Asks: 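This structure is in structure tokens; I'll ask about it shortly.
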Number of protein chains: 2
Amino acid sequence: MKDHLHLNEQLCFPVYVFAKEIINQYRPLLDELELTYPQYLVMLVLWEQDKQTVNQLGEKLKLDSGTLTPLLKRMEQKEFVSRVRSTIDERSVNISLTEKGKSLREQAQAIPQKMVASMGISTEDLESLKNIIHKITNTRK
Amino acid sequence: MKDHLHLNEQLCFPVYVFAKEIINQYRPLLDELELTYPQYLVMLVLWEQDKQTVNQLGEKLKLDSGTLTPLLKRMEQKEFVSRVRSTIDERSVNISLTEKGKSLREQAQAIPQKMVASMGISTEDLESLKNIIHKITNTRK
DNA sequence: TTCATATAAATTGCGCACAATATAATTGTG
DNA sequence: CACAATTATATTGTGCGCAATTTATATGAA
């Protein structure tokens with residue numbers, strides 16, 4: 001009667017390690033922009049649509065206010081975003097890009113290609129991984 | 001000329017979210033054993049082979065002493081492991097299972113199946129995901 | 001209108017994760 | 001043997017990530 005309590009049998013461990021590796025691959029690229037990986041994700045979301053509430057960011061990035069509030073304060077200090085409480089609904093805080101935040105986008109252009117290159121994953125593997133994770137995470141909801 | 005700075009185009013974001021989801025799925029199961037996910041990984045490694053140095057654990061789990069030292073101290077406080085400096089090489093610290101740590105293995109037996117069940121992933125998807133991540137992370141070294 | 005309920009952020013507290021540095025023991029080379 | 005270089009762990013500091021709680025505002029039903 002075999003059990004399954006072995007590290008290398010786990011699905012979860014490889015995913016956990018892979019996720020950390022990705023973030024570590026990003027680090028040198030993002031250091032140049034003075035961004036961390038989660039901060040970079042916030043920028044991606046804001047570059048697509050400026051001015052969003054903390055709540056909207058949190059839903060898209062799957063992060064709660066306990067993570068976002070201090071993170072966004074750090075981004076405000078670095079002058080990438082502004083945090084302004086909404087006048088319409090004073091419970092909400094609007095996060096908007098500053099000019100510095102908008103212009104950072106140009107510097108970030110090169111990142112996706114650099115990442116693909118530095119990870120050394122073939123385009124096919126990358127596609128199939130993307131597909132399967134997409135399938136799994138969406139089937140589940 | 002299209003750029004690639006869009007959240008949903010990224011490979012990395014789905015992997016990052018999926019890894020977090022996995023850990024969150026583990027949480028209620030591991031709470032019962034008074035373990036966090038990284039601590040559970042340490043237990044898996046020690047259940048396979050008792051008495052390992054911090055270094056050996058770190059290599060298997062891809063974690064450094066800055067992470068492991070405090071984590072292992074917490075596990076020591078909960079009396080799952082002992083930390084004893086090696087007499088042969090006094091730079092090393094041997095991490096061994098206590099009786100409580102050994103017996104915890106029985107309580108953990110049910111976890112892998114519960115996880116597979118609660119994640120709602122088909123066995124095939126699970127296998128192919130495991131394979132592709134394995135392929136990617138091993139090709140790369 | 002009033003008051004319970006819901007919602008949005010912020011706060012607190014804990015545990016990683018990792019870079020950088022420090023400390024101490026060991027090893028290798030002349 | 002001496003001593004520089006290496007190795008193993010610990011420490012410090014910063015930044016998530018999340019549970020639990022708090023504070024403030026808004027909403028909805030009686």
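Because the structure is predicted, anything quoted here is derived from the model rather than measured. Residue numbers begin at 1 in each chain, while the letters A, B, ... track the order of the sequences.
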Asks: Do other residues, nucleotides or ligands put more than 12 heavy atoms under 6.0 Å from B/Lys100 NZ?
Replies: yes
Asks: Do we see a donor-acceptor contact under 3.5 Å between the side chains of B/Gln25 and B/Ser118?
Replies: yes
Asks: Once the angle between the rings of B/Tyr26 and B/Tyr40 is folded into 0 to 90°, is it parallel (under 30°), tilted (30 to 60°) or perpendicular (over 60°)?
Replies: tilted
Asks: Please give, in whole Å, the distance from C/dA9 P to A/Leu61 CG?
Replies: 14 Å
Asks: How does protein contact run along nucleotides 10-17 of chain C, one letter per nucleotide 5' to 3', with B for base contact, S for sugar-phosphate only, - for none, heavy atoms under 4.0 Å?
Replies: BB---SSB
Asks: Can you give the donor-acceptor pairs under 3.5 Å from side chains of residues 63-70 of chain B to other protein atoms, not counting sequence neighbours?
Replies:
{"unit_1": "B/Asp64", "atom_1": "OD1", "unit_2": "B/Gly66", "atom_2": "N", "d": "3.2"}
{"unit_1": "B/Asp64", "atom_1": "OD1", "unit_2": "B/Thr67", "atom_2": "N", "d": "3.0"}
{"unit_1": "B/Asp64", "atom_1": "OD1", "unit_2": "B/Thr67", "atom_2": "OG1", "d": "3.3"}
{"unit_1": "B/Thr69", "atom_1": "OG1", "unit_2": "B/Ser65", "atom_2": "O", "d": "3.0"}

Asks: In whole Å, I'd like the distance from the CG atom of B/Asp31 to the P atom of D/dC18.
Replies: 14 Å
Asks: Considering only side-chain heavy atoms of A/Arg91, which listed nucleotide, C/dT7, C/dT26, D/dT9, is closest?
Replies: C/dT7
Asks: Salt bridge check: are A/Lys78 and A/Glu34 linked by an N-O gap of less than 4.0 Å?
Replies: no
Asks: Whole Å only: how far is the CG atom of A/Leu30 from the P atom of D/dC16?
Replies: 11 Å
Asks: D/dC18 C1' sits how many Å from B/Gln25 CD, rounded?
Replies: 15 Å
Asks: Could you tell me how far apart A/Leu41 (CG) and D/dC16 (C1') are, to the nearest whole angstrom?
Replies: 12 Å
Asks: In whole angstroms, how far is the P atom of D/dG17 from the CD1 atom of B/Ile22?
Replies: 15 Å
Asks: To the nearest Å, give me how far apart OH (A/Tyr26) and P (C/dC18) are.
Replies: 16 Å
Asks: To the nearest Å, give me how far apart CG (A/Leu35) and P (D/dC16) are.
Replies: 10 Å
Asks: Are there more than 12 heavy atoms of other residues, nucleotides or ligands under 6.0 Å from atom CD of B/Gln113?
Replies: yes
Asks: Taking any heavy-atom pair under 4.0 Å as a contact, classify A/Leu57: base, sugar-phosphate, or nothing.
Replies: nothing
